[in-house]
Q: 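Questions regarding the structure given below will be posed in turn.
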Amino acid sequence: MEQILDVTQSLIEYTTLICITGVAASVIILLYRAIKGPTNPDRAVALDIIGINLMALAGLIAILLVTTKFNDVILLIGILLFIGTVALAKFLEKGVIIERDMD
Amino acid sequence: MTRTNDIILRTTTTLIAFILLGFSIYLFFAGHNKPGGGFIGGLMTSAAFVLMYMAYGFRSLQKILPINFRFVIPVGLIIAVATGIGSFIFGEPFLSQTFAYFQLPVLGKTELATALLFDLGVYLTVIGVTMTIILTIANDRGEER
């Protein structure tokens, strides 16, 4: 019984480490797209996805460190990303983010 | 070009802005012991304001929130400095803080800390600075503000 517990714990640890490596690699590839990206929408979408990967990294590190203190941080990054996505969509569609007169 | 339709954005903003304001108040009161505090609470509040500005435009938000955010900055700074100076009354060094437990009617046993007052100053300052920066960048025509 003890041995099974040990195996599952190390399994979680190794899985989390592998996931962190994958997400970090994708962040590096996205950084290339954000810097090089041919057009501005490419850069904006790349920055958006970097934020999503940041959320994933925070969650994975919370699993690795066995703590619940990161939950607020994850929610916070999610909310700021939502604002960013709305602003990005509005910029791509209208070219202006805060208008003077809507109607 | 056809007229754009943003009814989904407007409808969700009415809900999400209140969720954001509630979360910012939670973060504000969670500070100085847990993740949270005045800075990130103010950032959340200004995120809610920016979302409302994006959904409803500048003119109508001036009617709903008739606040000149430039005057919020000195108010917050004065509160923060006043809590620091207040420690002189008790013969303590500048910015020293204390806390105590009180029995409040609804909340039960509550921890009240003077760091919360300092956080209030930080909160107002962050709201003022963030909103001033974003609104100044948003209308760059040199129009009246």
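To find a chain, count down the sequence lines: A is the first, B the second, and so on, and within it residues start at 1.
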Q: Nearest 0.5 Å please: distance from the CZ atom of A/F82 over to the CG atom of B/L51.
A: 5.5 Å
Q: Hydrophobic clusters here meaning ILVMFWY residues chained together by side-chain heavy-atom distances under 4.5 Å, can you tell me if B/I127 and B/I78 are in one?
A: no
Q: Work out which heavy atom in A/D72 is nearest to a heavy atom in B/F23; give both atom names and the distance.
A: O-CZ, 4.2 Å
Q: Short question: side chain of A/K69, backbone of B/K34 - any donor-acceptor pair under 3.5 Å?
A: no
Q: Find the distance between CE (B/M44) and CD1 (A/I79) and round it off to the nearest 0.5 Å.
A: 5.0 Å
Q: Where on A/A89 is there a heavy atom nearer than 4.5 Å to chain B: the side chain, the backbone, both, or neither?
A: neither
Q: Inspect the surroundings of CZ in B/F71 and state if more than 12 heavy atoms from other residues, nucleotides or ligands are less than 6.0 Å away.
A: no
Q: Kindly compute the distance separating CG (B/L9) from CD (A/E93), expressed to the nearest 0.5 Å.
A: 10.0 Å
Q: Could you check whether atom CZ of B/F99 has more than 12 heavy atoms from other residues, nucleotides or ligands sitting under 6.0 Å from it?
A: no
Q: For B/I8, is the CD1 atom crowded, meaning more than 12 foreign heavy atoms sit under 6.0 Å from it?
A: no
Q: Measure the spacing between CD1 of B/I40 and CG of A/L80 and express it to the nearest 0.5 Å.
A: 6.5 Å
Q: Does B/I7, at its CD1 atom, have more than 12 non-hydrogen atoms belonging to other residues, nucleotides or ligands within less than 6.0 Å?
A: no
Q: By a 4.5 Å heavy-atom criterion (distance strictly below it), what part of B/I19 contacts chain A: side chain, backbone, both, or neither?
A: neither
Q: Do B/I67 and B/V50 belong to the same hydrophobic cluster, where Ile, Leu, Val, Met, Phe, Trp and Tyr are linked whenever their side-chain heavy atoms lie under 4.5 Å apart, directly or via other members?
A: yes
Q: Atom CD1 of A/I98 and atom CG of B/L61: how far apart are they, to the nearest 0.5 Å?
A: 8.5 Å
Q: Is any side-chain heavy atom of A/I83 less than 4.5 Å from a side-chain heavy atom of B/L20?
A: yes
